[in-house]
Engineer: 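One structure, as structure tokens, below. Some questions next.
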Amino acid sequence: MTTPTTPTATRLLTDLASPLPGRGALPPRAHLHSDAPRQVLDGTWQVRLRPSPRHVADDGWQHLDARLDPANWTPVQVPGHLPLQGHGSPSYTNVDYPFPVDPPFPPDDNPVAEHRLVLVAAPELLAHPCVLRFEGVDGAATVWLNGVELGTLRGSRLTTELACTGVLQPGTNVLAVRLAQWSAHSYLEDQDMWWLPGLFRSVTLLARPRGGVRDVFVHAGFDHRDGSGTLRVDVELSAGAEAPATLSVPALGLHDVAVGVPHHVVSVAPWTAETPTLYDAQVHTPAETVNLRIGFRTVGIEDACLLLNGVPLLLKGVNRHEHDPRQGRRVDLAAARAELLLMKQHNINAIRTSHYPPQADFLDLADELGFYLIVENDLETHGFERVGWRSNPSDDPRWLAAYQDRMQRTVERDKNHPSVLVWSLGNEAGTGANLDAIACWTRDRDPDRLVHYEGDRRSRHVDLYSRMYALVDEVEAIATEPPAETFTDPDEQHRRRLPFLLCEYAHAMGNGPGGLSEYQDLFHRYPRLAGGFIWEWVEHTLDGPTGPDGRPGQLYGGDFGERVHDGNFVVDGLVHADRTPGPGLADLARVFSPVSLELAADRSTLTVVNRYHSLDLSHLEASCTFDGPEPASSVPVPLPEIPAGSSAVVPLRLPPSATVTVVLRRRTAGDGCPAGHEVAWTQQVPARPIPSFAAAPVAPRRDSDGLIHLGPAVFDEHTGMPVRLGTLALHDVAVGLWRAPTDNDRGMASEEPELPPVAEQWAAARLDDLRTRLIEVTADGPALVVRTRNGPPVLDAGVDVTWRWTSDGNSVALECTIEPYGRWPCDWGRAGIDLRLAAPTTQVRWTGWGPGPQYPDTGQGARYGTFVADRDDYAVRTVRPQEHGARRVDDATIDLGGSALRVRGSALPLTVRPWSRGVVAATGHDHELPVPTETWISLDATVSGVGSASCGQGVLPQYRLAPATQHLHVLLQQTG
Ligand code: IPT
């Protein structure tokens, strides 16, 4: 028997299955800063939940005089997401719809939350017509004021305004919002993020004075040939206007001039992300004044090259979702500002607002601080890919109105922001006539900006040829395609005339992204390449209970009991959810540096390439340091004038043997950075051989109890392995070829779709389970020589290892040769030795490269010096535990609090963590790792690169570790 369905429920079910846009909304317009009265309705509302639309009933709850049982209602914060306030639970999917693909129908299992707010209308509002503005309501809502239905809301991350004139009454009012999690529109909102229903952005009552400013559209172009600007501000007035609007831009000498006509300004300072000059302006009518901040800039394309103000523009971007580990997609403006400053400090100049428009005020920050934006429509239908794109709304006329509605609301809201250079139709929505239609509408409505959509490979209706995760080789091939005229297909000809953009690349998941430099080199080399946007800025974990070590839990897909989910694929950012940077961010800052520096091999010159769009280098000062970072040994390097886009060769006189570091710093605070902030650096480090013994070597000595002594080291003659160094017990010394799979190791590299992920190849080869057979233990003069054969069970491949130990009585030296035999079915993760100490590390101190970790294709931000890191910082903890933290060291001390192990080598990759690789690989969350009681150390001859195969390019051939003979040379000593 089905639940009896009330007329109210029937109406709701019909509404929720409608692909049409919401009912009753006012035409979209810009988000304006007006002096008209307003009343923010954020705060504590009341909510009650019903399990599905079939359970809703008309008990008059939308009315002021409703008799409601207080036991059914609980407080809820607006803005906020319901599942983060105890109502339902979050769920995460990337591509998949977590319900049957049965468009336009939502599933029956569809929680409905009825919200109520009793408010007293501010008297100053009541003198005017009024609208209710919802800036973001995740889900599908119906809105009543005092029992009168005002309309329905669709488009979760888009603003809706509903007229409420005549309904809003003096004194007490009741606002009621019935919100269903799922609707037909959920099919259009399949972004890679948490499903989080709720009124998650502000709700405001706005007075809309008669004769006031309904909408404004600023057109402010810059002519780079003569430095002039052209300003036209189109204004639409509200009903009842008696006088036209006027425009004032005091700094440009424009006072109460006409709107809707161009004003030529002989000289303006252009807006760029590097010089974000904004002019305060007012649009004025007798009834209302609107404040604007105007930036003059012109976007264009010439010879398939992206230009800003006539100058080639390189986008050094990130994809940014709005995410907070406690508040979900509600991000406080102060936190957003801090995020943007962090981006500035890491040389990021562009943001794609993946995959929906951010909160409206974010755009003001982007204008002010200087970022180039691709603002993306709230649209993704990716889940249809799973069913062969059958019934994809993008090509179904029933959905056309919804597509138009969403795009219009995106463009209209943000159209006055100089930071917006590009409108994006959406993400991963396949192809179809509805997308073509909104592309054409966008170009007509705003011819001064570019149109982007990645999903249509023909690029027929867009202005940028955009791809995601294209391989390095492919990007180079695109950069060097033959000219448009050589193509016969008109679509191909059109595409060839477009600049190329990677709207997503370098998937920053776990240890990585590897291979940033290779992409950047191409961007610098080929003018057609307009740069790209790293996937992604911030990880989307949600805070959870703390683990045994007291570490805060960070939860991802599946942690809330979801049956359909995509696990930790939502944890793939340069910064963690709390905005603490992962090591990839420092690497990115170096790769994105606006100045490239190159010291000649003979140190006689420094080549300085100014890669700024419009700045010269006068805001920077250069200095050169010899042998370490102490300022005492630093000398200034005078730089000549180097305009944007040009380079200079600066002669130098440097001592031949020292480590030389050249740094460019800001002279004064600015551009979001403090004075002294490093913008660029380069370094030359002479190779340092391992020190030889100070004293004569001592000979090995065999005990009666099966032990062999060599200086401070003691070996077990039955295994040939060391068991003690001084008083330090050494455990589990063994050769190692495996690493705890990184997220990238677990991904399928795009260039090798026929091969399983390397982690699976390693598992099949049982790389984590090498068995040892001792071949012999011999003495060779003062050396103890141990030979072992180490290989996985099942296979007939392995490594022959020669361990040659010597000692000067104080430390021991190991020269280890690892030589493959048999037919290896896979590359290795690393090649070196592992050992375990029975106490946890407190800190690691090292001279070598740091502070961040380095794998062959990461670590661009690391440089030579002396560093100290505590246990966690050295190990580099990621939300899902995995291999991380290797630094190349010359001399390191692993402190156990009381005693210490000193390791010396020559740029030796050193990994130190409190858990075995087995434990790391088997643990799903960082906070679930056991309380540290021991230390696992790996001393490697070499390690594999990490690549970006969690989504995209795998490890580039030059950074892979194919089985081959490896030599490890290290000195070990107990200290402390
Ligand atoms: C691509 C999506 O556009 C993005 O939202 C995100 O999911 C990213 O991948 C990976 O994290 S789509 C992917 C299947 C290429």
Side-chain angles (χ1 to χ4, degrees), residues 91-98 156-157 188-196 317-323 329 351-358 374-389 392 394 424-431 435 452-457 464 466-471 474-475 501-513 532-541 556-557 564-577 582 584 742-744 746-751 753 757 878-880 947-954:
S91 82
Y92 162 61
T93 60
N94 171 16
V95 175
D96 295 335
Y97 290 109
S156 294
R157 274 68 59 171
L188 308 186
E189 297 180 358
D190 190 29
Q191 291 95 336
D192 175 14
M193 61 192 193
W194 294 97
W195 298 97
L196 284 177
V318 292
N319 280 277
R320 176 183 180 270
H321 266 277
E322 297 198 303
H323 182 76
R329 281 186 285 280
I351 299 168
R352 173 175 177 230
T353 71
S354 53
H355 296 304
Y356 44 83
I374 297 184
V375 169
E376 192 147 87
N377 184 18
D378 188 5
L379 176 73
E380 173 158 344
T381 65
H382 206 166
F384 285 90
E385 190 177 31
R386 291 280 193 255
V387 295
W389 292 108
N392 181 17
S394 297
S424 175
L425 308 182
N427 184 55
E428 297 276 15
T431 55
L435 289 163
H452 169 269
Y453 177 62
E454 184 272 348
D456 184 354
R457 291 288 166 88
L464 296 161
S466 173
R467 293 277 303 277
M468 48 173 76
Y469 308 103
L471 303 173
E474 224 177 334
V475 172
L501 184 77
L502 280 167
C503 67
E504 296 178 20
Y505 76 110
H507 200 244
M509 187 176 188
N511 184 352
F533 296 77
I534 305 286
W535 188 268
E536 70 179 307
W537 169 246
V538 62
E539 297 180 339
H540 307 212
T541 52
Y556 51 73
V564 183
H565 67 83
D566 284 295
N568 71 327
F569 208 60
V570 78
V571 193
D572 52 2
L574 293 163
V575 302
H576 301 301
T742 64
D743 290 312
N744 288 318
R746 291 175 182 226
M748 193 195 68
S750 311
E751 70 274 27
T878 47
V879 175
R880 191 187 69 73
S948 187
S950 51
C951 189
Q953 175 104 48

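Since this is a predicted model, take the numbers as computed values, not measurements. In each ligand, atom 1 is the first atom listed, and ligand 1 is the first ligand listed. Side-chain atoms are counted along with the backbone in the values below, which use heavy atoms only and exclude waters and symmetry mates.
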Engineer: If we count only N and O atoms by modelled type, under 3.5 Å, do the side chains of Asp572 and His507 hold a donor and an acceptor together?
Structural biologist: yes

Engineer: List the residues meeting ring pair (Phe, Tyr, Trp, His ring centres under 6.0 Å) with His452, not counting sequence neighbours, and say none if there are none.
Structural biologist: none

Engineer: Mind checking ring pair (Phe, Tyr, Trp, His ring centres under 6.0 Å) for Tyr97 and listing every partner two or more places apart, or none if nothing turns up?
Structural biologist: Phe99, Tyr187, Phe384

Engineer: Residues in ring pair (Phe, Tyr, Trp, His ring centres under 6.0 Å) with Trp537, at least two apart?
Structural biologist: none

Engineer: Please check if the distance between the ring centroids of His321 and Tyr356 is under 6.0 Å.
Structural biologist: yes

Engineer: Quick one: pull up OH in Tyr453 and CG in Asn427 and give me the separation to the nearest 0.5 Å.
Structural biologist: 7.5 Å

Engineer: Can you list, by chain and residue number, every protein residue with a non-hydrogen atom closer than 4.0 Å to ligand 1?
Structural biologist: Asn94, Asp192, His355, His382, Asn427, Glu428, Met468, Tyr469, Glu504, His507, Trp535, Phe569, Asp572, Cys951

